[in-house]
Q: 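Encoded as structure tokens, here's the structure I'll be asking about.
We count ligands from 1, going down the list as the structure has it; atoms in each ligand are counted the same way. All values derive from a computational prediction rather than experimental measurement.
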Amino acid sequence: MKDFDLHIQTRLIFGSNKEKTFFETVKNISDNVFVVIGGGSVKRLGYLDRVLQQLQKVGCTYEVFEGIEPNPTTQTITKATQKATNFNTGLILALGGGSVMDASKAIAGLVFAGEDDIWPYVLGGEKVGKLKGCIPVAAIPTTAATASEVTPYAVISNPDTNGKAPIGYPFMRPTVSWLNPEFTYELPPVVTRDGASDIMSHVLENYLLGGNQSPLADRYSEGVLQTVMETLPAVIADPDNYELRSRMLWASNLALNGYQQAGREPSGFILHAMEHAISGFYPGIAHGRGLATLYPAYFRWLWKNDRCRDRLAQLGDRLFGIDNSDISQASLAFITEFENWLKNNSLYQGLSDLGVSDDSFEAIAKYTVTTYGNGKELQAKGSLNQNDIVEIFKLTERAVKAEVTL
Ligand code: NZQ
Ligand code: ZN
């Protein structure tokens, strides 16, 4: 196993009956709470009322900021930060999906710094890595997708520049998070599916590129994949099933808390780099949907370039029982099986189906290598340059994909 350094300071409180523990913990951190929500779903569904009642009950004062958009923008984060600063808050409470949680982390960093513009701090910005701390963040996820309730990352969009890029600091892991599966009962099927795709990507990225030095990281990641692949169709059929929603929510947390890759070689998140660039240019595209679109094309590109075939074949064996005595055939068979799973779960499409024009491929690919690479390429067991990314984008189209199926 490779060396690693992992410090997860987030207290994770799981279960529908755990609100007392969570809100008492919040109160112990600060009694002046700035609550951040998205476009209104948590209000409509009554979750916000429940949270505000609990804050009152434990004796916290609060202010609510509504309006964080999916793919949260730097402009909205600035507005929220100004309000949070004026409110003199001691804790940001995120109630929502990854977008709300990410925005909350950015607000917490800016309040700490006494500033209101997060964009210079994102990857590729002139102040990257320069934040010194953040005020405490507490999170209540309402999607099973990003694991932002435990990760040190926040992903920010800037529609003025078509940009989408992360910030990441160890101190940005929330101090405490309450995972209540009931808050995911009303997720529309499409958001549930997109979330599943995102969860799977978080274990797949390093599984493919990080090598085989940690068999335990492999088994752990396969467990997450297997759980999501089995549970997704079941939860779509039975959306307010507590057990099934619990599995999805916990799988999302496990998929990106750091354990999933501990002991393997660190590697870039290639699917994420490409997808963030795509949804930066097309903010209407959900992160998980973009990833699902890229999976088969990226896998086929790796295969074609004779990269990671052993890892793809191992996944074929472990997830689908494919005989991997011939690595080349087995890895290809895995890709086909995985595509079939995407098709059966309404997650299979080309970029044109998402409204991405091929006229924008070059610009998106350029942004990817500039922001997420060294200006020329990313590293995916070898170079993956701008032309390669354009090729992957083209491979998302079914007709082209059929041509490379050997
Ligand atoms: O805005 P509202 O009204 O809340 O509606 C949201 C939104 O339209 C809705 N929704 C959320 N919870 C709901 C609900 N609808 C019904 N019932 C509920 N319980 O779902 C839509 C999508 O929400 P969003 O937060 O955008 O989705 P998700 O959780 O997938 O987050 C995506 C964002 O997180 C970033 C992505 O890039 C994207 O910007 N990521 C963050 C990561 C991290 N912090 O570590 C890692 C990920 O890889 C990812 O990049
Ligand atoms: Zn993701």
Q: Of all the N, O or S atoms in D198, which one sits nearest to the Zn ion (ligand 2)?
A: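 It is OD1 of D198.
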Q: Within a 6.0 Å radius of atom OH on Y153, are there more than 12 heavy atoms belonging to other residues, nucleotides or ligands?
A: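 No, OH of Y153 has 12 or fewer neighbouring heavy atoms, counting only those of other groups under 6.0 Å.
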Q: Validate the cation-pi geometry between R311 and Y207: distance from NZ or CZ to the six-membered ring centre under 6.0 Å, angle to the ring axis within 45°.
A: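 Output yes; distance and angle both within limits.
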Q: Who are the residue neighbours of ligand 1 when the rule is a heavy atom under 4.0 Å from any of its atoms?
A: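 For ligand 1, the contacting residues are G38, G39, G40, S41, L45, Y47, P70, N71, P72, G97, G98, S99, D102, T142, T143, A145, T146, S148, T151, Y153, V155, K164, F183, E186, L187, P188, V191, D198, H202, L256, H272, H276, H287.
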Q: Taking the side chain as every heavy atom from C-beta outward, state whether W341 and L347 have any atom pair closer than 4.5 Å.
A: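 Yes, side chains in contact.
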Q: What is the minimum heavy-atom distance between N88 and N32, and which atoms define it?
A: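 Minimum heavy-atom contact is O-ND2, 3.1 Å.
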Q: Going through the distances and angles, do F269 and Y372 end up as a side-chain contact (heavy atoms from CB on, under 4.5 Å)?
A: CA-CA 9 Å; F269 264 41; Y372 291 88; over 6 Å; no
Q: Evaluate whether atom NZ of K343 has more than 12 neighbouring non-hydrogen atoms of other residues, nucleotides or ligands under 6.0 angstrom away.
A: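 More than 12 heavy atoms, drawn from other residues, nucleotides or ligands, come within 6.0 Å of this atom.
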Q: Please report, to 10°, the angle around the Zn ion (ligand 2) from atom NE2 (H202) across to atom NE2 (H287).
A: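 Once rounded, the angle between the two atoms at the Zn ion (ligand 2) is 170°.
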Q: Hey, what's the ring geometry for Y295 with F338, parallel, tilted or perpendicular (30° and 60° as the breaks)?
A: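 Judged by the thresholds at 30° and 60°, the geometry between Y295 and F338 is perpendicular.
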